[in-house]
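Remember, predicted model here, so these are calculated numbers, not experimental data. Sequence positions, counted from 1, serve as the residue numbers for this chain.
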Amino acid sequence: MLKNHIRVASRNLIKHKFFSTLNIGGLSVGLTCFMLVLLYWFHETSYESFRKDAERIYRVDIHKNYGGVLSASAEIGQGTAPVLLSDFPEVEEVVRLRETGNWLVKAEDNPETFKLTEAILADTNVFHFFDIPLVYGDPHNSLKNPRTIALNHTTAKKLFGNRNPVGETVVIDNTDSYQVDAVYEDLPSKSHFRHQMMISLPTFKWTSRNYWLSLRFYTYLKLREGASPASVEERFPQMVKKYCAPDVRKFFQVSMEEFEKSGNKINYHLLPLGDVYFKSNETGSLGKTGNIKYLYYFLAVALFILILACVNFINLSTARASNRAKEVGVRKTMGAYRRQIVNQFMAESILTAMVSFVLAIPLTIVALYCYNYVFDIELSVLDLLSPRFVFSMLAITLLAGILAGAYPAFYLSVFKPTEVLKGSFLKGLKRASIINGLVVLQFSISIIMIVGTLVVFDQLSYIQNKQLGYEKDQTFMIHDAWSLWDKLDAFEAEVLKKSSIQHLAYTNFLPVEGTYRTSSHFFKNPSREDVIRFSTTRVGYGFFKAMGIEFISGRPFSKAIASDSLKAIIINETAAKALGYENPLNEKIYQFTSKKDEATMHTYHIIGVVKDFHFNSFKENIKPLFFELNVSKIPKYALIRSHTENLRESLAFV
């Protein structure tokens with residue numbers, strides 16, 4: 001019987017080519033959209049799932065309340081890791097990581113230099129802790145000594161070809177030599193960190209300082225089998241009282257009891273490794289993070305498209321009721337039961353859905369390249385073959401076929417043979433109301449999606465045309481300006497000889513998220529009252545002219561005034577309002593800083609106030625921001641402002 005249903009269904013699809021093309025085409029597009037979104041869903045929700053013991057690994061975050069200002073950070077002090085091992089028997093292992101920015105690297109015997117944009121400092125047990133397989137090297141003894149590094153496989157091949165580079169020398173930034181201790185497999189795309197190089201912690205002396213409130217390291221712990229994370233978190237307040245008290249005394253000049261009586265609070269929390277990608281709401285999370293809301297939005301859109309395709313199938317099928325009615329009448333006259341007729345129509349619907357699924361596969365493969373580019377992910381054809389994806393799509397396709405064919409099948413099977421053969425069968429009110437409802441649903445979904453598209457277009461237009469508070473169209477930048485080293489001044493002098501170039505400034509700050517610190521706390525007076533949280537950054541001479549940022553009052557940094565390099569700061573309008581001064585010029589603010597383990601009160605003088613400009617997401621209000629002078633010779637960027645009409649000429653010259 002099943003074989004007969006399939007044979008008849010195939011003949012009907014071939015016989016009614018136009019109708020079949022419309023149905024199959026609509027369902028194919030709907031299934032393609034759903035397949036792409038499902039691939040994205042599986043990719044995003046499987047971060048870190050490949051790691052051994054992932055369910056026992058947690059990141060330690062710190063939550064603070066200073067002067068009523070709440071903040072959370074994914075980075076904690078370097079002194080925390082040893083205590084987690086010594087004071088918590090539930091903790092089996094701890095590892096620390098810290099991002100280090102860009103590096104220029106080359107093999108000692110090869111002049112070709114490569115830029116690495118992703119490098120981290122790491123403890124020696126990083127490979128064992130995160131179950132990172134090594135191509136070369138010993139996972140238990142790598143990264144133990146100063147000036148040792150580990151490279152991922154791709155970087156190692158660029159530098160050394162196919163030979164084993166363990167023991168070879170790598171020159172970093174054309175100045176320092178490091179020994180290669182290990183080569184590890186490239187980290188999968190579903191890892192929240194995918195760094196190209198790891199540098200041993202002992203390389204830098206400051207990593208051994210026992211700071212708790214100087215937040216520098218991402219710290220992960222692995223619990224022993226059967227250990228409860230809740231029991232560990234319960235004892236964190238005792239750890240804070242015991243170990244954070246010296247730093248509180250050092251930086252705030254008060255005891256822990258006085259600190260907490262004032263409403264201030266410090267505590268630590270555990271974030272499961274599987275939640276790091278989606279639930280990292282803390283400041284400065286390591287590597288890539290995602291947003292679960294976007295997944296739900298995409299899934300909703302894909303469902304809408306699939307529902308539209310199914311509704312279209314139902315409407316087209318019922319529209320052909322008069323053509324199929326005689327077939328039903330003859331079948332019933334020849335003794336067919338209603339169940340057999342329903343099965344026949346359901347077979348046609350499911351066959352249509354399966355053919356659509358087969359056609360959707362090449363459409364999905366063709367779309368993958370653009371899809372990967374837009375979403376910045378690495379999906380491949382092999383992801384289409386994963387059992388979870390195949391079974392999920394087969395189930396969705398089968399469900400779509402059943403839902404799309406159910407109403408036409410049950411509706412057409414109720415026709416009475418006598419009325420059909422006489423041509424006098426009635427179109428019941430029930431049919432009319434359902435079909436009308438489906439048409440309304442179809443148009444409603446279409447209107448919602450069109451309106452949504454217009455809203456998104458309007459938002460993009462707003463973003464592109466919004467006045468940001470600085471001039472971006474006349475300014476271009478050079479990354480890694482620090483690589484000029486002692487040629488910085490000479491480069492600046494040479495560039496400014498070009499008449500079409502107006503200004504050049506070296507800076508560590510760009511008006512984008514991630515180029516400033518967001519957890520610096522300052523005081524309006526030395527008594528440590530009125531704690532104010534600022535976003536802070538460092539810029540060079542000429543930054544405000546290069547960016548076209550206007551001053552409300554005061555002046556920019558000046559090379560002629562030596563004290564600017566130590567005490568001068570410039571703030572934005574929002575910061576001036578937060579301070580509450582009528583005229584903030586020449587006023588002072590204070591901050592505790594540490595140098596060589598000694599805490600000192602640093603005094604800053606406000607020399608200027610600039611107009612507010614957007615330096616983070618439009619979704620956020622403009623934050624209080626202050627600028628220090630960057631006196632180091634390792635700036636991240638060079639900003640160059642040119643006359644608009646000569647922009648290409650200036651760029652070519654530089």
>> For the CG atom of D480 and the OG1 atom of T117, what is their distance to the nearest 0.5 Å?
In response: 9.0 Å
>> Distance check, rounded to the nearest 0.5 Å: L303 atom CG versus Y296 atom OH?
In response: 12.5 Å
>> I'd like to know whether V301 forms a side chain to side chain contact (heavy atoms under 4.5 Å, CB included) with V37, so could you lay out the CA-CA distance, the side-chain angles of the two residues, the decisive distance to 0.1 Å, and finally the verdict.
In response: CA-CA 9 Å; V301 170; V37 172; over 6 Å; no
> Do L36 and L368 come close enough that some side-chain heavy atom pair is under 4.5 Å?
Replying inline: yes
> Can you name the nearest heavy-atom pair linking V180 to P165, along with the distance?
Replying inline: CB-O, 3.4 Å
> CG/L223 to CD1/I57 distance, rounded to the nearest 0.5 angstrom?
Replying inline: 9.5 Å
> Is there a side chain to side chain contact (heavy atoms under 4.5 Å, CB included) between L159 and N110 once you walk through the steps?
Replying inline: CA-CA 8 Å; L159 293 171; N110 187 343; over 6 Å; no
> Just by modelled atom types, is the N125 backbone N or O under 3.5 Å from a matching donor or acceptor in the D123 side chain?
Replying inline: no
> What is the distance from atom CG of L295 to atom NE2 of H43, rounded to the nearest 0.5 Å?
Replying inline: 11.0 Å
> Does the separation of the ring centres of Y637 and H479 fall below 6.0 angstrom?
Replying inline: yes
> Looking at side-chain heavy atoms only, is the closest gap between V126 and M198 below 4.5 Å?
Replying inline: yes
>> Within the structure provided, determine whether I199 and I120 are in side-chain contact (heavy-atom separation under 4.5 Å).
In response: no
> Is atom CZ of R163 surrounded by more than 12 heavy atoms (other residues, nucleotides or ligands) closer than 6.0 Å?
Replying inline: yes
> So how far is it from L121 CG to L97 CG, rounded to the nearest 0.5 Å?
Replying inline: 9.0 Å
> Any idea which heavy atoms bring Y218 and A74 closest together, and the distance?
Replying inline: CD2-O, 3.5 Å
>> Within the structure provided, determine whether S189 and I377 are in side-chain contact (heavy-atom separation under 4.5 Å).
In response: no
> Does any donor atom in the side chain of S386 or D383 lie under 3.5 Å from an acceptor atom in the other side chain?
Replying inline: no
>> Check this for me: does any side-chain nitrogen of one of K190 and E44 sit under 4.0 Å from a carboxylate oxygen of the other?
In response: no
> Would D131 and R51 pass as an ion pair if we require N to O under 4.0 Å?
Replying inline: no
>> Is it the case that the side chain of T100 and the backbone of A119 share a donor-acceptor pair, with hydrogens and angles ignored and the cut-off at 3.5 Å?
In response: yes
>> Any side-chain to backbone donor/acceptor pair from T364 onto A360? Under 3.5 Å, distance only.
In response: yes
>> Can you give me the closest heavy-atom contact between I396 and L306, atom names plus distance?
In response: CG2-CD2, 3.8 Å
>> To check you understand the geometry: which heavy-atom pair defines the closest contact between I132 and E185, and what is its length?
In response: CG2-O, 4.5 Å
>> For a quick check under 3.5 Å, do E93 and H128 share a side-chain donor-acceptor pair by atom type?
In response: yes
> Between the side chain of R194 and the main-chain N/O of L187, is any donor-acceptor distance below 3.5 Å?
Replying inline: yes
> Between Y58 and Y220, does the ring centroid distance fall short of 6.0 Å?
Replying inline: no
> Of the non-hydrogen atoms in N23 and S356, which two are nearest, and what is the gap between them?
Replying inline: O-OG, 4.3 Å
> Where do L143 and F127 land on the side chain to side chain contact (heavy atoms under 4.5 Å, CB included) test, with the steps shown first?
Replying inline: CA-CA 10 Å; L143 303 181; F127 303 110; 4.0 Å; yes
>> Students often mix this up, so state it plainly: with edges at 30° and 60°, are the rings of H153 and Y136 parallel, tilted or perpendicular?
In response: perpendicular
> How far does CZ of F304 sit from SG of C33, to the nearest 0.5 angstrom?
Replying inline: 13.5 Å
> What orientation do F389 and F42 show, parallel under 30°, tilted 30 to 60°, or perpendicular over 60°?
Replying inline: perpendicular
>> Counting only heavy atoms from other residues, nucleotides and ligands, does the tally under 6.0 Å from CZ of F50 exceed 12?
In response: yes
>> Which heavy atom of L273 sits nearest to which heavy atom of A54, and what is that distance?
In response: CB-O, 3.9 Å
>> Tell me whether K115 at atom NZ has more than 12 heavy atoms from other residues, nucleotides or ligands lying less than 6.0 Å away.
In response: yes
> Does a side-chain heavy-atom distance below 4.5 Å link V166 with S142?
Replying inline: no
> Do any N or O atoms from the side chain of T113 and from the backbone of V105 form a donor-acceptor pair under 3.5 angstrom?
Replying inline: no
>> Between S49 (side chain only) and S46 (backbone N and O only), is there a donor and an acceptor less than 3.5 Å apart?
In response: yes
> Aromatic rings F193 and H195: how do their planes relate, parallel, tilted or perpendicular, breaks at 30° and 60°?
Replying inline: tilted
>> What I'd like to find out is whether the side chain of V390 reaches to under 4.5 Å of the side chain of P387, using heavy atoms alone.
In response: no
> For F443, does the CZ atom have more than 12 heavy-atom neighbours from other residues, nucleotides or ligands under 6.0 Å away?
Replying inline: no
>> Pair L382, L385 - check side chain to side chain contact (heavy atoms under 4.5 Å, CB included), show working.
In response: CA-CA 5 Å; L382 294 177; L385 303 177; 4.3 Å; yes
>> Can you confirm whether the side chains of T154 and D186 place a donor and an acceptor under 3.5 Å from each other?
In response: yes
>> Would K222 and F129 count as a cation-pi pair here, with the cationic atom under 6.0 angstrom from the ring centre and within 45° of the axis?
In response: yes
> With a 4.5 Å limit on heavy-atom distance, are the side chains of R59 and D61 in contact?
Replying inline: yes
> Considering only heavy atoms from C-beta outward, does the side chain of L363 approach that of M35 to under 4.5 Å?
Replying inline: no
>> Do E48 and Y277 pair up side chain to side chain, a donor and an acceptor below 3.5 Å, judged on atom types alone?
In response: no
> Between R98 and E75, is there a side-chain N and carboxylate O pair less than 4.0 Å apart?
Replying inline: yes
> Are the side chain of E118 and the backbone N or O of Q196 linked by a donor-acceptor pair below 3.5 Å?
Replying inline: no
>> Using side chain to side chain donor-acceptor pair (under 3.5 Å), reason through T155 and N152 one step at a time and then give a plain yes or no.
In response: CA-CA 6 Å; T155 303; N152 74 351; 2.6 Å; yes
>> Is it the case that the ring center of F34 lies less than 6.0 angstrom away from the ring center of W41?
In response: no
